[in-house]
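What follows is a single structure, written as structure tokens, with notes after it.
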Amino acid sequence: MYDLLLRQCRLLQTDRTIAEVDIAIQQGAIAVIAPHITEPATLELDLQKQLVSPPFVESHIHLDSALTIGEPRWNESGTLFEGIEIWRDRKQNLSLDDVKTRAIATLKQQAMQGVLFVRSHADVSETSLIALQALLEVRDAVKAWTTLQVVAFPQDGIYGGAQNDDLIEKAMAMGADAVGGIPHYELTREDGVKSVHRIFELAQKYDRLIDIHCDEIDDDQSRFLEVVAACAIRSGMGSRVTASHTTAFGSYNNAYAFKLLGLLRRTELNFIANPLINITLQGRTDTYPKRRGVTRVKELWQQGMNVSFGHDCIQDPWYSLGTGNMLDVASMGLHVCQMTGTAEIDACYDMVTWHGAKTLNVSDRYGVEVGKPANLIVLDAHDRYDAIRRRATVSYVISQGRLLATTEAPKSVWHDT
Ligand code: 17E
Ligand code: FE2
């Protein structure tokens, strides 16, 4: 007797081929995958050839600021910098309860849409470290149904305030999963370079991952990615390091970009683009032609680098929209990066699933395979292309072997004769 049996699945396998199978789940793990399973189960679901996929991965979000839209005011200019100012005001009155309530509400909203792995930044440039403490408590509170990683993110710069360097180290001691940074926002270029070295030093001292907000600006002179790449090459830590945003890469001249790509190929760095936010925050100082402000996703992917797509924000000072639907993110990425070839469209799906898992360093427990934890989603779709095109409904979410959420696909009825 299995705990859960999924019949008539179109399983999107790790090698990205689709197999028509039944899937049996026992004690939180995938027990059997076979064309026809006859043994009964406590709960059986006939999926009628819907697509079964590993869950969505949200590789970049700020849960501490999520759902604060309009508090204390709307970002009228739409720039990153006005967002940082609004957040600076809002974060003066954070409480553990406030952050935890919003973070859990957001995680539920995401999980209901199939997101079961999340990496969130927590602002640690505020002396009480309330945002970090709250997200660490949330990480524990939700662990029965979602996996949360927390990055200690120094929003105001590691050297932007006298206490900030101590605060980020304290955050690592408190148990943050990753060290963050924001070199392009440090007071000087030299401080930016120094901050990258400091981030690697902290990651090595505390044996943690790295995820840096890197070159999130249209300035073609913002070149901290090369510093991150050099540190990754020298430390050999590349696969544990992520460069988030790198929007300036979209503005570099091709001669420099070509050289940089060669340097990046020597690393195993992970990249995260946040297409919804990059397309709205960047390009704000341009008239026309107006830049897209997204990193060179297609070229990085073509070079074999690991690239994932994140949401970045849901209703906060930087982005007033967002629902937690990763297919929205994949669709925006597809459009803005012109990933319209067949393999490119499929890659956009992978950027919100497998590639995100690699970024989070959780690949060993990710994927619908016998013996792995039973985390999977059922999409009302035929394949990856269909899922993105129609923003398919996630009809079932299975987390650690349990049915966590169900959603009915919208159904239209034609009334004219
Ligand atoms: N902070 C930052 O520096 N950049 C962002 N995109 C967000 C917060 C959302
Ligand atoms: Fe971010």
Side-chain angles (χ1 to χ4, degrees), residues 58-69 71 74-75 77-91 94 99 102-103 106 118-126 131-132 135 149-158 160-161 164 168 176 178-187 192 195-196 199 209-219 222 224 242-250 270-284 292-295 308-322 324 329 332-333 336 356 359-360:
E58 170 58 89
S59 51
H60 187 126
I61 191 162
H62 297 254
L63 289 176
D64 54 356
S65 56
L67 311 182
T68 61
I69 181 67
E71 300 170 9
W74 197 272
N75 183 339
S77 71
T79 59
L80 169 67
F81 303 106
E82 185 174 347
I84 295 175
E85 280 166 29
I86 295 169
W87 175 240
R88 191 169 292 142
D89 290 345
R90 179 59 175 83
K91 74 188 179 190
L94 291 180
V99 179
R102 287 184 289 99
T106 309
V118 177
R119 175 180 284 178
S120 174
H121 295 259
D123 186 359
V124 295
S125 36
E126 160 271 318
L132 179 85
L135 292 189
Q149 286 184 355
V150 182
V151 185
F153 171 53
Q155 176 70 80
D156 300 336
I158 296 182
N164 294 10
I168 195 166
V179 200
I182 185 162
H184 54 277
Y185 192 65
E186 297 286 353
L187 296 174
S195 76
V196 173
I199 291 159
L209 303 170
I210 291 175
D211 190 332
I212 302 175
H213 279 66
C214 190
D215 302 314
E216 189 190 5
I217 189 164
D218 287 319
D219 177 11
S222 183
F224 297 103
T242 298
S244 278
H245 296 294
T246 63
T247 58
F249 203 167
N270 304 289
F271 291 84
I272 301 175
N274 297 290
L276 294 165
I277 274 62
N278 298 153
I279 193 70
T280 47
L281 285 184
Q282 303 303 316
R284 291 284 178 167
R292 295 177 187 220
V294 184
T295 196
S308 63
F309 285 144
H311 218 300
D312 204 12
C313 309
I314 296 180
Q315 294 193 291
D316 75 3
W318 293 275
Y319 187 64
S320 51
L321 299 122
V329 175
M332 182 58 78
V336 174
T359 298
L360 267 58

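Whatever order the structure lists ligands and atoms in, that order sets their numbers, starting from 1.
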| request: Run the numbers for me: atoms of ligand 1, each under 4.0 Å from some heavy atom of Leu80, listed by number. | output: 2 (C), 3 (O), 4 (N), 5 (C)
| said: For distances below 2.8 Å, what is the count of protein N, O or S atoms around the Fe ion (ligand 2)? | reply: 4
| task | Indicate whether the side chain of Asn278 and that of His245 have a donor and an acceptor atom separated by less than 3.5 Å. | result | yes
| Under 3.5 Å, is there a donor-acceptor pair between the Trp318 and Asn75 side chains? | no
| query | Where's the contact between Phe153 and ligand 1, heavy-atom distance under 4.0 Å: side chain, backbone, both or neither? | reply | side chain
| task | Compute the shortest N/O to N/O distance between Asp316 and ligand 1 and return yes if it is under 3.5 Å, no if not. | result | no
| Location of contacts on Asn274 toward ligand 1, heavy atoms closer than 4.0 Å | neither
| CD-CD1 distance between Gln282 and Ile217, expressed to the nearest 0.5 angstrom | 7.5 Å
| said: Using a 4.0 Å cutoff against the non-hydrogen atoms of Ile182, which atoms of ligand 1 qualify? | reply: 3 (O)
| ligand 1 contact on His245 by region, counting heavy-atom pairs under 4.0 Å | side chain
| remark: From the list Thr359, Asp312, Thr242, side chain to side chain donor-acceptor pair (under 3.5 Å) partner of His60 resolves to Asp312
| field | Separation of Ser320 OG from Ile314 CD1 (nearest 0.5 Å) | value | 12.5 Å
| message | For ligand 1, which is the ligand I care about here, please tell me if His62 has any N or O atom under 3.5 Å from one of the ligand's N or O atoms. | response | no
| For atom 9 (C) of ligand 1, what's the nearest protein heavy atom and its distance? | Cys313 SG, 3.2 Å
| request: Show which atoms of ligand 1 fall inside a sub-4.0 Å distance from at least one heavy-atom site of Asp312. | output: 5 (C), 6 (N), 9 (C)
| task | Return the residue, atom name and 0.1 Å-rounded distance of the protein heavy atom closest to atom 4 (N) of ligand 1. | result | Glu216 OE1, 2.7 Å
| task | Could you tell me whether the side chain of Pro275 reaches within less than 4.5 Å of the side chain of Val329, counting heavy atoms only? | result | yes
| query | Does any donor atom in the side chain of Asp211 or Ser244 lie under 3.5 Å from an acceptor atom in the other side chain? | reply | yes
| query | Using 30° and 60° as the class limits, which term best fits the ring planes of His121 and His213: parallel, tilted or perpendicular? | reply | perpendicular
| request: Using only heavy-atom distances, determine whether the side chains of Glu82 and Ser77 contain a donor-acceptor pair under 3.5 Å. | output: yes
| For atom 3 (O) of ligand 1, closest protein heavy-atom neighbour | Gln155 NE2, 3.1 Å
| message | Whether the side chain of Asp215 engages the backbone of Phe224 through a donor-acceptor N/O pair (distance < 3.5 Å, no angle test) should be reported. | response | yes
| Hey, are Asp156 and Lys91 close enough for a salt bridge, meaning a charged N less than 4.0 Å from a carboxylate O? | yes
